[in-house]
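Written out below as structure tokens is the structure these notes cover.
Note that the coordinates shown come from a computational prediction; the quantities given were computed from them, not determined experimentally. Counting from 1, the numbers follow the sequence of the chain as shown.
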Amino acid sequence: MKIAVLGGSFNPIHIGHLALADEVCCALGYDRIVFVPTFIPPHKTFSCDAGAAARLEMANLACEDDGRFVVDSCEIDRGGTSYTFDTISFLEEKYSDCLEGKIGLIIGDDLIPGFHLWHRAVELSKRCQLILAKRPQGGSGKTDSSHANVDKGGYASVVHSTVDGEGRTVFDVKSDSLFDGALSIMNPELVVSSTDIRDRVSSGRSFKYLVPEKVFKYIIGRNIYGNDKQRDF
């Protein structure tokens with residue numbers, strides 16, 4: 001079985017995450033995508049965290065109707081700072097009886113410039129099949145900065161990069177040996193982000209079709225992200 005991992009805060013999980021997972025299955029022939037909600041990310045500080053239990057439940061709701069998608073709570077169960085290297089080690093052992101080849105590690109292009117700063121990055125790049133996905137710039141509307149996560153620990157540092165005319169960092173993957181053998185996919189660039197969704201929920205704006213229906217109902221029903229202005233219609 002070909003297995004790939006998609007980690008993230010999933011605060012909340014949204015259609016962009018699911019579309020990315022579907023692309024990896026369809027384009028690269030992966031049989032299973034393991035969604036791993038992080039507990040404490042090493043590279044950012046959460047804003048408006050729904051809590052680990054709620055983020056895990058939303059991920060489960062989003063994935064339960066697609067047999068290719070599963071959710072693993074290993075980082076939440078482990079506690080402390082969530083390092084991808086530890087997660088890959090855990091999943092290699094868990095799926096040792098059926099794993100075909102290296103585990104695929106899906107990362108967005110916004111994370112590529114700082115990948116060299118990840119915990120045991122060199123070993124991780126050799127141990128996994130890196131899968132590089134496109135992440136669109138911006139969100140689906142104006143976002144309140146109070147709902148944005150904050151980079152920490154120097155993870156915003158970059159090497160082998162330039163800045164384009166629009167002020168965006170452009171990273172030259174070919175110049176870094178960490179990405180030797182990495183695969184790039186042309187996933188749909190859906191302009192949606194968890195930050196924007198949190199802002200939309202708290203301000204009573206539309207978000208119903210930016211998340212799976214079950215996740216929408218969960219957010220509304222539990223009044224997550226201060227959504228007392230929302231109606232379930």
Side-chain angles (χ1 to χ4, degrees), residues 1-14 16-18 20-21 24 30-64 66 68-96 98-99 102-108 110-112 114-133 135 148-156 193-195 197-198 211-212 215 218-219 222 224-225:
M1 179 184 295
K2 291 185 66 176
I3 297 172
V5 174
L6 179 57
S9 58
F10 303 126
N11 186 36
I13 193 169
H14 55 66
H17 296 126
L18 301 179
L20 172 55
V24 172
Y30 279 85
D31 305 297
R32 176 167 294 178
I33 307 298
V34 182
F35 289 74
V36 182
T38 191
F39 185 61
I40 299 176
H43 61 283
K44 65 183 178 182
T45 300
F46 280 143
S47 171
C48 308
D49 184 14
R55 292 188 287 105
L56 177 62
E57 181 61 22
M58 288 188 284
N60 278 315
L61 289 171
C63 295
E64 65 183 9
D66 194 318
R68 303 168 301 170
F69 302 163
V70 298
V71 180
D72 201 294
S73 62
C74 61
E75 293 189 355
I76 292 173
D77 296 339
R78 192 162 61 236
T81 302
S82 301
Y83 292 114
T84 302
F85 183 88
D86 297 333
T87 298
I88 294 299
S89 298
F90 171 83
L91 294 175
E92 284 177 339
E93 177 64 26
K94 180 175 182 176
Y95 291 101
S96 59
C98 61
L99 182 61
K102 297 179 179 180
I103 289 179
L105 177 59
I106 306 167
I107 60 175
D110 59 318
L111 299 177
I112 293 173
F115 183 76
H116 66 290
L117 296 172
W118 286 29
H119 179 60
R120 302 177 74 168
V122 174
E123 295 172 79
L124 189 61
S125 69
K126 294 177 180 178
R127 199 164 181 172
C128 299
Q129 172 59 66
L130 295 181
I131 301 171
L132 312 182
R135 179 164 180 173
N149 299 316
V150 179
D151 290 329
K152 66 179 183 181
Y155 280 83
S193 72
S194 297
T195 299
I197 291 171
R198 293 194 300 272
V211 297
V215 174
Y218 184 89
I219 292 172
R222 305 254 177 157
I224 296 175
Y225 309 122

Considering non-hydrogen atoms only, spot the tightest contact between [X] and [Y] and give its length.
{"X": "P42", "Y": "S82", "result": "CD-O, 3.3 Å"}
{"X": "A54", "Y": "I224", "result": "CB-CD1, 4.3 Å"}
{"X": "V36", "Y": "C74", "result": "CG1-SG, 4.0 Å"}
{"X": "P12", "Y": "S194", "result": "O-OG, 2.7 Å"}
{"X": "A52", "Y": "I76", "result": "O-CD1, 3.6 Å"}

Does any part of the side chain of [Y], heavy atoms only, come nearer than 4.5 Å to the side chain of [X], both counted from C-beta?
{"X": "L91", "Y": "I3", "value": "no"}
{"X": "F35", "Y": "L18", "value": "yes"}
{"X": "K94", "Y": "D72", "value": "yes"}
{"X": "V34", "Y": "Y95", "value": "yes"}
{"X": "W118", "Y": "L111", "value": "yes"}
{"X": "F115", "Y": "L124", "value": "yes"}

Between [atom1] of [X] and [atom2] of [Y], what distance do you get to the nearest 0.5 Å?
{"X": "I131", "Y": "I107", "atom1": "CD1", "atom2": "CD1", "answer": "10.0 Å"}
{"X": "K2", "Y": "L99", "atom1": "NZ", "atom2": "CG", "answer": "11.0 Å"}
{"X": "C48", "Y": "N11", "atom1": "SG", "atom2": "CG", "answer": "8.0 Å"}
{"X": "C128", "Y": "E92", "atom1": "SG", "atom2": "CD", "answer": "6.5 Å"}
{"X": "R222", "Y": "M58", "atom1": "CZ", "atom2": "CE", "answer": "10.0 Å"}
{"X": "S89", "Y": "I103", "atom1": "OG", "atom2": "CD1", "answer": "9.0 Å"}

Checklist entry - Is it true that a side-chain atom of K102 and a backbone atom of K126 form a donor plus acceptor pair closer than 3.5 Å? => result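 Here the side-chain-to-backbone pair exists.
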Next on the checklist: With a 3.5 Å distance limit and no angle check, can you tell me whether R55 reaches the backbone of T38 through a side-chain donor-acceptor pair?
Outcome noted: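 Side chain of R55 to backbone of T38, a donor-acceptor pair under 3.5 Å: yes, one is there.
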Item to check | Qualifying residues under ring-ring contact (aromatic ring centres under 6.0 Å, His included), relative to H17, sequence neighbours excluded | outcome: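 Partners of H17 under the ring-ring contact (aromatic ring centres under 6.0 Å, His included) test: F10, H14.
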Item to check | Partners passing side-chain hydrogen bond (donor to acceptor under 3.5 Å, both in side chains) against R78 (at least two apart in sequence or in another chain) | outcome: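 R78 satisfies side-chain hydrogen bond (donor to acceptor under 3.5 Å, both in side chains) with T87 once adjacent residues are dropped.
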Next on the checklist: Which label fits Y83 and H119: parallel for a plane angle under 30°, tilted from 30 to 60°, or perpendicular past 60°?
Outcome noted: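 Plane angle between 30° and 60°, so tilted.
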